[in-house]
Amino acid sequence: MLVTLTQVAAPFLPMITEEIWSGLCTGDDSMPSSVHLSDWPDAGTYCDDTDLVSAMDRLRDVASTGLRLREDKGLRVRLPLASVTVAGRDASTLEPFADLLRDELNVKDVHVTEEIGSLATFILRPDGKALGPRLGKDVQAVFGAARSGEWSANDDGTVEVGGHVLQPDEYELALESPEGVAAAALRSNDAVVTLDTDVTPELEAEGLARDVVREIQNARKAEDLVVTDRIDIWVDVASDAVASAIDTHEAYIAEQVLGTSITMGAGADELTIHDAKVGGDVLRFSLKVS
């Protein structure tokens with residue numbers, strides 16, 4: 001596998017991959033002397049993992065749905081949330097990838113369950129264009145029964161409603177969540193994503209700290225610092241909430257921006273002052289290489 005990765009990466013990292021190749025293949029007369037002389041890996045020699053591909057497609061759908069929910073609720077991505085729940089068909093296949101989903105949606109916990117339960121309800125939507133010519137005036141009874149929830153699904157994919165049996169191409173099943181719940185159905189319409197949008201003071205403080213990190217990182221770029229430069233930081237902020245967040249998460253902020261010290265108050269006059277908006281308040285700070 002490492003040989004294959006080296007070959008794939010060779011066009012992008014020619015020197016590094018050549019060094020890796022020499023370490024892997026020295027003494028093996030069956031291998032070319034250079035990674036750049038080897039043949040491109042043949043995908044046909046590797047087994048297809050259809051289950052993994054299906055799980056990744058599902059994971060992308062959940063992530064995009066969750067991010068859309070955050071946007072709809074006005075919850076910025078850097079603000080951590082308590083949890084996300086994925087409920088419905090094949091939800092358990094996502095359990096091995098919970099860490100990926102946790103990072104992508106910026107949540108503390110990921111819950112998966114096959115049972116939709118109280119998170120959403122299936123709504124039957126008969127296709128009037130398909131049913132009209134076949135059922136005539138009886139189509140109104142079908143629509144009425146569907147609206148009342150008086151229908152049942154069969155194992156063969158058909159649905160019984162209003163005294164008639166509908167074929168799979170004559171109806172649509174949609175998922176609807178209760179009013180006030182931050183939830184949305186996946187494109188496959190067989191599972192639902194629900195976000196816990198209750199933002200506690202602790203989550204809000206962590207989100208503010210992440211916003212501070214982003215602004216300091218932007219300032220590092222603006223001052224053309226080397227990526228390994230360690231810095232001293234002076235922060236002047238009027239907001240008690242932001243000041244408290246910095247104090248609580250000082251170690252995290254310092255780790256992320258390579259800070260050796262964070263001092264509350266204005267820095268020396270000769271330092272560049274950076275102004276930013278964090279939590280709706282002005283954040284003023286300066287920095288210098290340690």
Side-chain angles (χ1 to χ4, degrees), residues 1 5 8-9 12 48-120 174-178 180-218 220-221 227 245 248-249 251-258 276-279:
M1 178 59 72
L5 291 175
V8 172
F12 310 101
D48 292 334
D49 193 336
T50 55
D51 290 339
L52 179 60
V53 171
S54 177
M56 287 296 101
D57 288 341
R58 193 74 155 177
L59 188 69
R60 281 195 294 266
D61 196 6
V62 171
S64 61
T65 301
L67 290 173
R68 187 173 69 250
L69 280 171
R70 290 189 69 117
E71 184 178 356
D72 291 344
K73 296 296 181 179
L75 300 168
R76 64 192 189 282
V77 177
R78 284 186 298 278
L79 174 66
L81 298 177
S83 66
V84 62
T85 300
V86 185
R89 185 178 65 84
D90 295 336
S92 59
T93 61
L94 301 179
E95 197 161 4
F97 312 105
D99 286 345
L100 294 176
L101 198 57
R102 186 181 295 111
D103 291 341
E104 186 68 20
L105 294 178
N106 190 13
V107 295
K108 298 297 184 181
D109 292 306
V110 175
H111 307 292
V112 295
T113 175
E114 302 282 336
E115 298 296 327
I116 292 180
S118 61
L119 297 177
L175 279 171
E176 288 190 359
S177 299
V181 176
L186 299 184
R187 288 177 297 177
S188 54
N189 224 6
D190 56 6
V192 64
V193 179
T194 303
L195 279 179
D196 182 349
T197 58
D198 184 17
V199 180
T200 64
E202 291 78 15
L203 293 174
E204 181 65 35
E206 185 176 338
L208 291 174
R210 294 187 181 196
D211 291 337
V212 171
V213 167
R214 178 177 183 272
E215 298 302 336
I216 295 176
Q217 298 287 40
N218 288 340
R220 287 184 62 110
K221 293 178 183 178
V227 68
T248 301
H249 297 281
Y252 165 78
I253 296 172
E255 178 186 13
Q256 295 298 308
V257 303
L258 295 185
K277 281 277 190 177
V278 172

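These figures come from a predicted structure and were not determined experimentally.
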Using a 3.5 Å cut-off and no angle test, enumerate the donor-acceptor pairs between side-chain atoms of residues 91-99 and protein atoms at least two apart in sequence or in another chain.
residue: S92; atom: OG; partner: E114; partner atom: OE2; Å: 2.7
residue: T93; atom: OG1; partner: D90; partner atom: O; Å: 2.6
residue: D99; atom: OD1; partner: R102; partner atom: NH1; Å: 2.3

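- Separation of atoms CG (L81) and CG (L105) is listed at 8.5 Å; rounding is to 0.5 Å.
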Quiz prompt | Worked check of side chain to side chain contact (heavy atoms under 4.5 Å, CB included) between T194 and V181 | solution = CA-CA 7 Å; T194 303; V181 176; 3.8 Å; yes

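- Annotation: the span from L195 atom CG to R70 atom CZ amounts to 7.0 Å, rounded to 0.5 Å.
- Salt-bridge check for R58 with D190: passed, with a basic side-chain N closer than 4.0 Å to an acidic carboxylate O.
- From T85, atom OG1 reaches atom CG of D109 across 9.5 Å, with rounding to the nearest 0.5 Å.
- In this structure, L69 and A182 approach most closely via the heavy-atom pair CD1-O, 3.8 Å.
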Practice problem: Let me see the working for L59 and L100 under side chain to side chain contact (heavy atoms under 4.5 Å, CB included), right down to the final yes or no. | Solution: CA-CA 9 Å; L59 188 69; L100 294 176; 3.9 Å; yes

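- Separating the CZ atom in R187 from the CZ atom in R60 is a distance of 8.5 Å, to the nearest 0.5 Å.
- Counting non-hydrogen atoms of neighbouring residues, nucleotides and ligands closer than 6.0 angstrom, the CD atom of Q217 exceeds 12 such neighbours.
- A 4.5 Å side-chain heavy-atom check between V84 and V193 finds at least one atom pair inside the cut-off.
- Looking at E104 and L67, their side chains come closer than 4.5 Å, going by heavy atoms from C-beta outward.
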List, one per line, each side-chain donor-acceptor pair under 3.5 Å for residues 203-214, sequence neighbours excluded.
residue: E206; atom: OE1; partner: K108; partner atom: NZ; Å: 2.8
residue: E206; atom: OE2; partner: K108; partner atom: NZ; Å: 2.9
residue: E206; atom: OE2; partner: R210; partner atom: NH2; Å: 2.9
residue: R210; atom: NH1; partner: N106; partner atom: OD1; Å: 2.6
residue: D211; atom: OD1; partner: R78; partner atom: NE; Å: 2.8
residue: D211; atom: OD2; partner: R76; partner atom: NE; Å: 2.9
residue: D211; atom: OD2; partner: R76; partner atom: NH2; Å: 3.1

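- Residues R68 and T65 have side chains in contact (heavy-atom distance under 4.5 Å, counting atoms from C-beta outward).
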Quiz prompt | V107/S83 under side chain to side chain contact (heavy atoms under 4.5 Å, CB included): CA gap, chis, key distance, verdict | solution = CA-CA 5 Å; V107 295; S83 66; 5.6 Å; no

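- In this structure T197 satisfies the side-chain hydrogen bond (donor to acceptor under 3.5 Å, both in side chains) test with no other residue, sequence neighbours excluded.
- Atom NE2 of H111 sits about 11.5 Å away from atom CG of L101, to the nearest 0.5 Å.
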